[in-house]
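Throughout, numbering of the chain's residues begins at 1 and tracks the sequence.
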Amino acid sequence: NRVAYGGHPPAGDARAAQMIVDADRLLARGRRAAAERALRGAVGAFERRGDVRRAGEAGLRLGRLLLGRGRAADASALFTDAHNRFQRARAADGSLDATVYLGMAQTDRGQLIDAEQTCRTAYAAASALGNPDVVLFPALALARTLLWQKRHAEARSILEAVAPVGDVE
């Protein structure tokens, strides 16, 4: 099953999509290791079928799971892979999310200089899109990194530059 340049992406694999549903169910029951295996299987299945966007989405979910479990090094690798997949799929939204999560994982690993650079890149890219809803997540990640560096005034100015989203009362 070859993917042609300029052709439509594959319709998707029902089994791989079911792995995502299964992972959600397993997570709801607290079975994180089994959910991790299901997500790894989904990433591989989507990748083998040439559906790099869905492989990126599954990888991003898996990275978030591992980051939440304190496995920031493993999560970093997954976020980098997801970013690369989103780049290949020309999916700017997914690429931006993967970059922000990579910055968060770097922060958790204590790689604050790298994290700041990663988060600044994401923040600049989101700002260039001109959508205030998209800027909030990278701004929060950047501010978090700056706070860990005890650069409170700079973190505050980043947060003040972000327009409030939704109902603020």
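- Contact of the T80 side chain with the H83 side chain is not registered, since no non-hydrogen atoms from C-beta on lie closer than 4.5 Å.
- Inter-residue side-chain proximity for L27 and R25 is flagged as unmet; no heavy-atom pair is nearer than 4.5 Å.
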Could you give me the CA-CA distance, side-chain angles and deciding distance for M104 and L140, then say whether side chain to side chain contact (heavy atoms under 4.5 Å, CB included) is met? CA-CA 10 Å; M104 293 173 69; L140 291 172; over 6 Å; no
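- A pairwise comparison of heavy atoms in G59 and A82 identifies C-CB, 4.5 Å as the closest pair.
- Inter-residue side-chain proximity for L146 and L142 is flagged as met; some heavy-atom pair is nearer than 4.5 Å.
- Counting heavy atoms from C-beta on, the side chains of R69 and E36 come closer than 4.5 Å.
- Hydrophobic clustering keeps Y101 apart from L66 (ILVMFWY residues linked when any side-chain heavy atoms are closer than 4.5 Å, directly or through intermediates).
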Between R109 and D114, is a side chain to side chain contact (heavy atoms under 4.5 Å, CB included) present by the stated rule, with each step listed? CA-CA 10 Å; R109 294 178 70 195; D114 292 338; over 6 Å; no
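- Interatomic distance, CG of D93 versus CZ of F86, reported as 7.0 Å (0.5 Å rounding).
- Side chains of I20 and F46 form a contact here, defined as non-hydrogen atoms less than 4.5 Å apart.
- For the side-chain contact (heavy atoms from CB on, under 4.5 Å) criterion with Y123, the lone passing option out of V135, V100, T99 is V135.
- The two residues T118 and G103 come nearest to each other via the heavy atoms CG2-N, 3.6 Å.
- Looking only at side-chain heavy atoms (C-beta outward), Q106 and Q117 stay at 4.5 Å or farther from each other.
- The two residues A155 and A143 make their nearest non-hydrogen contact at CB-O, 3.7 Å.
- Looking at R31 and D22, no side-chain N of the basic residue comes within less than 4.0 Å of a carboxylate O on the acidic one, giving no salt bridge.
- In terms of heavy-atom proximity, P132 sits nearest to G130 at CD-O, 3.6 Å.
- Side-chain atoms of L67 and F79, non-hydrogen and from C-beta on, do get closer than 4.5 Å to each other.
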Chi angles and distances behind the side chain to side chain contact (heavy atoms under 4.5 Å, CB included) call for R53, E57: CA-CA 6 Å; R53 182 179 179 107; E57 290 168 355; 3.2 Å; yes
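- More than 12 heavy atoms of other shown residues, nucleotides or ligands fall within 6.0 angstrom of atom CZ in R29.
- The 12-atom threshold is not exceeded at CZ of R156, counting heavy atoms of other residues, nucleotides or ligands nearer than 6.0 Å.
- Side-chain atoms of Q149 and E154, non-hydrogen and from C-beta on, never get closer than 4.5 Å to each other.
- The two residues G41 and M19 make their nearest non-hydrogen contact at C-SD, 3.3 Å.
- Within a 6.0 Å radius of CZ in R32, no more than 12 heavy atoms belonging to other residues, nucleotides or ligands are found.
- Between the side chains of Q87 and S95, at least one donor N or O sits under 3.5 Å from an acceptor N or O.
- Atom CG of D24 is separated from atom CZ of R61 by 4.0 Å, given to the nearest 0.5 angstrom.
- Between L78 and R40 the shortest heavy-atom distance is CD2-NH1, 4.4 Å.
- The CG atom of L159 sits 7.5 Å away from atom CG of L147, with the distance rounded to the nearest 0.5 Å.
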